[in-house]
Amino acid sequence: MEFSSAEPFKGEGCLSKEKNLYITFVLGGPGSGKGTQCAKIVENFGYTHLSAGELLRQEIASNSEDGVMILDMIKEGKIVPSEVTVKLIQKGMESCDNGKFLIDGFPRNEENRTAFEQIIGAEPNIVLFFDCPEEEMIKRVLNRNEGRVDDNIETIRKRLKVFAASHYPVIDYYSKKGKLCKIDAIGTEDEIFERVRPVFAACEGVQ
Ligand SMILES: Nc1ncnc2c1ncn2[C@@H]1O[C@H](COP(=O)(O)OP(=O)(O)OP(=O)(O)O)[C@@H](O)[C@H]1O
Ligand SMILES: Nc1ccn([C@@H]2O[C@H](COP(=O)(O)O)[C@@H](O)[C@H]2O)c(=O)n1
Ligand SMILES: [Mg+2]
């Protein structure tokens with residue numbers, strides 16, 4: 001574990017002027033268990049969970065202007081232009097009184113990361129990275145059964161390629177800032193949560 005930053009962020013962005021922000025980025029490949037562990041963090045530590053993928057799927061469902069473009073990108077496992085995703089995250093953050101956010105599946109690449117800094121004007125306090133072998137991720141996604149258009153072997157392979165090609169610079173960036181907390185994502189859901197729990201328990205005292 002190599003994180004140090006439990007202080008609230010007070011930056012120049014519109015959100016950070018209004019309230020103390022405690023932001024956790026939750027990273028990991030498709031099926032690594034990000035959403036599953038976020039639900040447990042919400043239950044135990046009272047964070048607001050914003051999944052970038054879920055916000056994009058809601059945008060498709062709402063028949064918005066960008067919906068068709070987003071659907072095409074998701075079917076191909078590609079990363080949606082950052083401005084679109086960050087604006088959705090911003091809306092989610094603004095509609096919430098609570099300043100404690102889990103931002104799941106974001107940033108996926110360096111463009112995502114810098115767009116968040118520019119538009120939101122804030123940085124994460126902690127970056128969780130669920131480290132999971134590819135074969136396990138494939139198995140979990142194929143068993144998920146939630147009717148997602150991208151949960152098929154062809155798209156999973158594309159998502160894994162995109163993940164392998166783009167996540168490392170983000171991880172490396174936060175590692176150098178002492179914000180990265182790498183979690184071994186093999187084990188039962190409860191076993192993994194016992195690895196996650198101390199990260200948030202350590203922050204409780206300072207919030
Ligand atoms: N530790 C685990 N062991 C076995 N199955 C798991 C574990 N954690 C999660 N799962 C299951 O694996 C599937 C994928 O988990 P989850 O949706 O949390 O992953 P994710 O990282 O959010 O994936 P995506 O990036 O595709 O949204 C789900 O069906 C979930 O119930
Ligand atoms: N920052 C992001 C996050 C997601 N996407 C797109 O959504 C798909 C599903 O994401 P999950 O986190 O729910 O797995 C993903 O494959 C991308 O197409 C994105 O563009 N940018
Ligand atoms: Mg998910």
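Counting starts at 1 for both ligands and their atoms, in listed order. Note that the structure is predicted; figures quoted are calculated from it, not measured. Values reported hereafter were calculated over all heavy atoms of this structure, with side chains retained and with hydrogens, waters and symmetry mates removed.
Residue Phe106 approaches ligand 2 through these ligand atoms, each under 4.0 Å from one of its heavy atoms: 1 (N). Of all atoms in ligand 2, listed by their number and element, those nearer than 4.0 Å to a heavy atom of Arg159 are 14 (O), 16 (O). Near Ile74, the atoms of ligand 2 lying under 4.0 angstrom from a non-hydrogen atom of the residue are 6 (C), 7 (O), 8 (C), 18 (O). Taking every non-hydrogen atom of Val80 and a distance limit under 4.0 Å, the qualifying atoms of ligand 2 come out as 19 (C), 20 (O). Within ligand 1, counting atoms from 1 as listed, the ones closer than 4.0 Å to a heavy atom of Ile192 are 1 (N). Of all atoms in ligand 2, listed by their number and element, those nearer than 4.0 Å to a heavy atom of Ile79 are 20 (O), 21 (N).
A distance of 5.5 Å separates SG in Cys132 from CE in Met137, rounded to the nearest 0.5 Å.
Surrounding CD of Glu83 are at most 12 heavy atoms belonging to other residues, nucleotides or ligands under 6.0 Å away.
Heavy-atom separations between Asn143 and ligand 1 are all 4.0 Å or longer. Look at Glu54 and you'll find every heavy atom at least 4.0 Å from all atoms of ligand 2. Heavy atoms of Arg57 approach ligand 2 to within less than 4.0 angstrom.
Given atom 3 (C) of ligand 2, the protein heavy atom at minimum distance is Gly105 O, 3.3 Å. From the protein, the heavy atom lying nearest to atom 4 (C) of ligand 1 is Arg140 NE, 3.7 Å. Closest protein heavy atom to atom 16 (P) of ligand 1: Thr36 OG1, 3.6 Å. Looking only at heavy atoms of the protein, atom 19 (C) of ligand 2 is closest to Leu56 CD1, 3.5 Å.
Residues Glu189 and Thr36 bring no donor and acceptor atom of their side chains to less than 3.5 Å of each other. Counted by atom type alone, Asp104 and His49 present one or more donor-acceptor pairs between their side chains at under 3.5 Å.
The N/O atoms of Arg108, backbone and side chain alike, include one that comes under 3.5 Å of an N/O atom in ligand 2. Checked against a 3.5 angstrom limit, the closest N/O atoms of Lys78 and ligand 2 fall inside it. An N or O contact shorter than 3.5 Å links Arg148 to ligand 2 by distance.
Ring geometry, Phe106 versus Phe116: the interplanar angle falls from 30° to 60°, so the pair is classed tilted.
Contacts between Asn112 and ligand 2 below 4.0 angstrom, taking non-hydrogen atoms only, involve the side chain exclusively. At a heavy-atom distance under 4.0 Å, only side-chain atoms of Asp150, from C-beta outward, approach ligand 2.
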